[in-house]
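Reviewing the structure listed below.
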2 protein chains.
Amino acid sequence: MTRTPIDEPAERQLLRDAGLRVTGVRLAVLRALGEHQHSTADTVVRAVRDELGTVSVQAVYDSLHALTDADLLRRMEPAGHPARYERRVGDNHHHIVCRACGAVADVDCTVGHAPCLLPSDDHGFTVDLAEVTFWGLCPRCRG
Amino acid sequence: MTRTPIDEPAERQLLRDAGLRVTGVRLAVLRALGEHQHSTADTVVRAVRDELGTVSVQAVYDSLHALTDADLLRRMEPAGHPARYERRVGDNHHHIVCRACGAVADVDCTVGHAPCLLPSDDHGFTVDLAEVTFWGLCPRCRG
DNA sequence: CGTCAAGACTGGAATGATTCCAGAGAACGA
DNA sequence: TCGTTCTCTGGAATCATTCCAGTCTTGACG
């Protein structure tokens, strides 16, 4: 069930523009997350191996970090769950997490732009981001 | 530097009212978190041992879970950091986390009551809580 | 005030996600 | 094409947390 690696000019360009080297693992990671938003590192590893064959876990973690640092990916980490990655970046949208199955869905920013909220008392902190996580049950688990 | 265990009628009552047995570890955990809000399990273990002598890590985790389940404690877990516990419960306040040192401070609910925000599109989820985490730099680390 | 069953605690091993490390391999500017 | 720099490999290590089986406590009841 190995897919043929497809040349993705758009994604190659994305990497180059970010000043990153173009490698098979990075392209495969981008593609995997394009197909399944909010995947865990583990899921990405499986998808990348499905496409490229043998790839070390570390290579995938390295790519996830490089891409996240370059703002090509966003990392989110719901309490009690492994980190998840997504390609929707630059808009500080938020997330709903299912308490039962851990499913994650996107939610547009509730109020204005990022940081879309300001703390009532910032205790002297310099705030640069407001992260909102909604918790509940997804349609499936509610049944 | 072992402190003498002090009888804390208020905290004994708290446990009893919650239907929990009163044990030394639980009282010590409550006291530790009364003195240092937003402590990690590890910090609580040290504080409890400082008060009671030998106590297993597991006993502290068990207590933290029991107290959290009974709503005597609240657990929060900033991405990339171990979980932290606090005694301020029942008001769904929020938190500011320092990106540099991990320090946490409380922030009152920005808008109305808990859940203080409603998602613009809930994707069919039943939302029961909105958790807001502000990220930035604390006064100390900004310097 | 003693009994005893449910619940809590001990200590050691296991788990899961992630990171560290040293060496081999690949990307790309010159 | 070459060499430098960055990336990938594979295996071990780390950290927070949980699992497990056996022992000890708490507190309801007699």
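Between Pro139(B) and Phe125(A), the shortest heavy-atom contact is CD-CD1, 4.0 Å.
Atom CZ in Arg26(B) sits about 7 Å away from atom C1' in dA8(C), given to the nearest Å. The separation between Asp62(B) atom CG and dT18(D) atom C1' is 10 Å, rounded to whole Å. In this structure, the CG atom of Asp69(B) is 14 Å from the C1' atom of dG7(C), given to the nearest Å. Distance Tyr61(A) OH to dT7(D) C1': 18 Å, rounded to the nearest Å. Taking atom CG on Leu64(A) and atom C1' on dT7(D), their separation rounds to 14 Å, with Å as the unit. Distance CG (Leu67(B)) to C1' (dC9(C)): 15 Å, rounded to an integer number of Å.
Note on Thr54(A): only backbone sugar-phosphate atoms sit closer than 4.0 angstrom, heavy atoms only; bases stay farther off. Ala41(A) comes within contact range of the sugar-phosphate backbone alone, with a heavy-atom separation under 4.0 Å but no base atom that close.
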Handout entry: Heavy-atom protein contacts under 4.0 Å, nucleotides 22-27 of chain D, coded B base, S sugar-phosphate only, - none
Key = ---BBS

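In this structure, Val25(A) and Val29(A) have side chains that are in contact, with non-hydrogen atoms separated by less than 4.5 Å. Side-chain contact between Leu129(B) and Arg99(A) is present, with heavy atoms from C-beta onward closer than 4.5 Å.
Among the candidates Arg26(B), Arg87(B), Arg16(B), the single residue satisfying the salt bridge (Lys or Arg N to Asp or Glu O under 4.0 Å) test with Glu11(B) is Arg87(B). Paired with Arg84(B) under the rule side-chain contact (heavy atoms from CB on, under 4.5 Å), one option of Val44(B), Thr40(B), Val97(B) passes, and it is Thr40(B).
A donor atom on one side chain and an acceptor atom on the other are not found under 3.5 Å apart for His123(B) and Asp106(A). Side-chain N/O atoms of Thr126(B) and Arg142(A) include a donor and acceptor closer than 3.5 Å. Between His36(A) and Glu86(A), the side chains place no donor N or O within less than 3.5 Å of an acceptor N or O (distance only, hydrogens not considered).
Here the side chain of Gln58(B) is nearest to one of dC9(C), dT9(D), dG12(C), namely dG12(C).
Contacts of residues 75-83 of chain A with DNA chain D (heavy atom under 4.0 Å): none.
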Exercise for the section: Starting from the C-alpha separation in whole Å, work towards a yes-or-no answer on salt bridge (charged side-chain N to carboxylate O under 4.0 Å, His left out) for Arg46(A) and Asp50(A). Expected result: CA-CA 6 Å; Arg46(A) 278 200 293 275; Asp50(A) 190 40; over 6 Å; no

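Residue order along DNA chain D, read from the 5' end via each residue's closest nucleotide, puts Val57(A) first among His65(B) and Val57(A).
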